[in-house]
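Working notes, structure below.
Counting starts at 1 for both ligands and their atoms, in listed order. Just the heavy atoms: all of them, side chains too, but no hydrogens, waters or symmetry mates, feed the values below.
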Amino acid sequence: MKNDHIPPDWAFEFHGHRCPFMPIGYRMGRLAIEFLKVEREKDHRFFVFPEIGEGHPQTCMVDGVQAATGATYGKVLMEKTFYGKLAAIFYHPDKGAVRYSLTPDFIDTMGKFEFFAYRKKGVEPSRIPTPVAEEVINWVYAQTDDFMFKIEAKPDFKFTPVKGSFNKEKCHICGEYVFERYVRTKDGMPVCIPCSGYKR
Ligand SMILES: [Zn+2]
Ligand SMILES: [Zn+2]
């Protein structure tokens with residue numbers, strides 16, 4: 001595999017432990033930006049829709065995707081679909097969209113590594129012996145892109161991000177600022193959602 005498909009040390013630091021899934025996501029993200037011919041996103045023009053959900057393993061992938069693409073949660077460039085799948089759609093308004101998913105063959109073969117025996121016993125990745133973690137990470141590095149990923153161009157994919165606004169108001173009850181989109185009205189006064197009693 002290409003060297004720049006291996007996560008830099010800061011990505012492991014950001015992620016917090018050494019597991020195979022952050023590097024898999026990193027590679028997926030690198031491949032997607034190369035496929036779409038875009039740079040790592042500095043601002044707000046590249047979107048990722050990971051198909052992971054919650055309450056299942058291997059979601060670590062998405063930290064690698066963020067590190068590789070710059071499409072981060074904090075920049076509101078990432079929105080999970082909650083399909084419970086190890087896949088993601090990558091989208092740039094000028095370049096189109098592509099979907100990457102992990103192949104079942106790759107997932108099954110990787111699942112035989114000792115790392116996952118520890119995980120199934122409930123051992124957290126940072127507590128798994130280093131050689132066991134490095135073994136599976138290095139094996140991942142040695143696999144081909146074709147074995148790991150199914151790639152589908154998504155010419156019809158459309159996404160319209162929410163229009164931004166800097167406007168805000170002070171909640172009449174708690175006195176905190178609320179951005180316009182989230183201001184609610186109670187007794188004719190602007191309030192925040194928690195003070196309003198509404199759910200949303
Ligand atoms: Zn991890
Ligand atoms: Zn309030």
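Using the six-membered ring where Trp is involved, Phe106 and Trp139 have ring planes that are parallel, under 30° apart on the 30 and 60° scheme.
Angle SG(Cys19) to the Zn ion (ligand 1) to SG(Cys60), rounded to 10°: 120°. The Zn ion (ligand 2) lies at the vertex of an angle of 110° between the SG atom of Cys195 and the SG atom of Cys171 (rounded to 10°).
Under 2.8 Å from the Zn ion (ligand 2) lies an N/O/S atom of Cys174, whether from backbone or side chain.
The backbone N or O of His17 lies less than 3.5 Å from no partner atom in the side chain of Ser126, so there is not a single donor-acceptor pair. Judged by distance alone, with hydrogens and angles left aside, the side-chain atoms of Arg200 form no donor-acceptor pair with the main-chain N or O of Tyr182 at under 3.5 Å.
Within the 4.5 Å cutoff, side-chain heavy atoms of Arg119 are placed close to those of Glu124.
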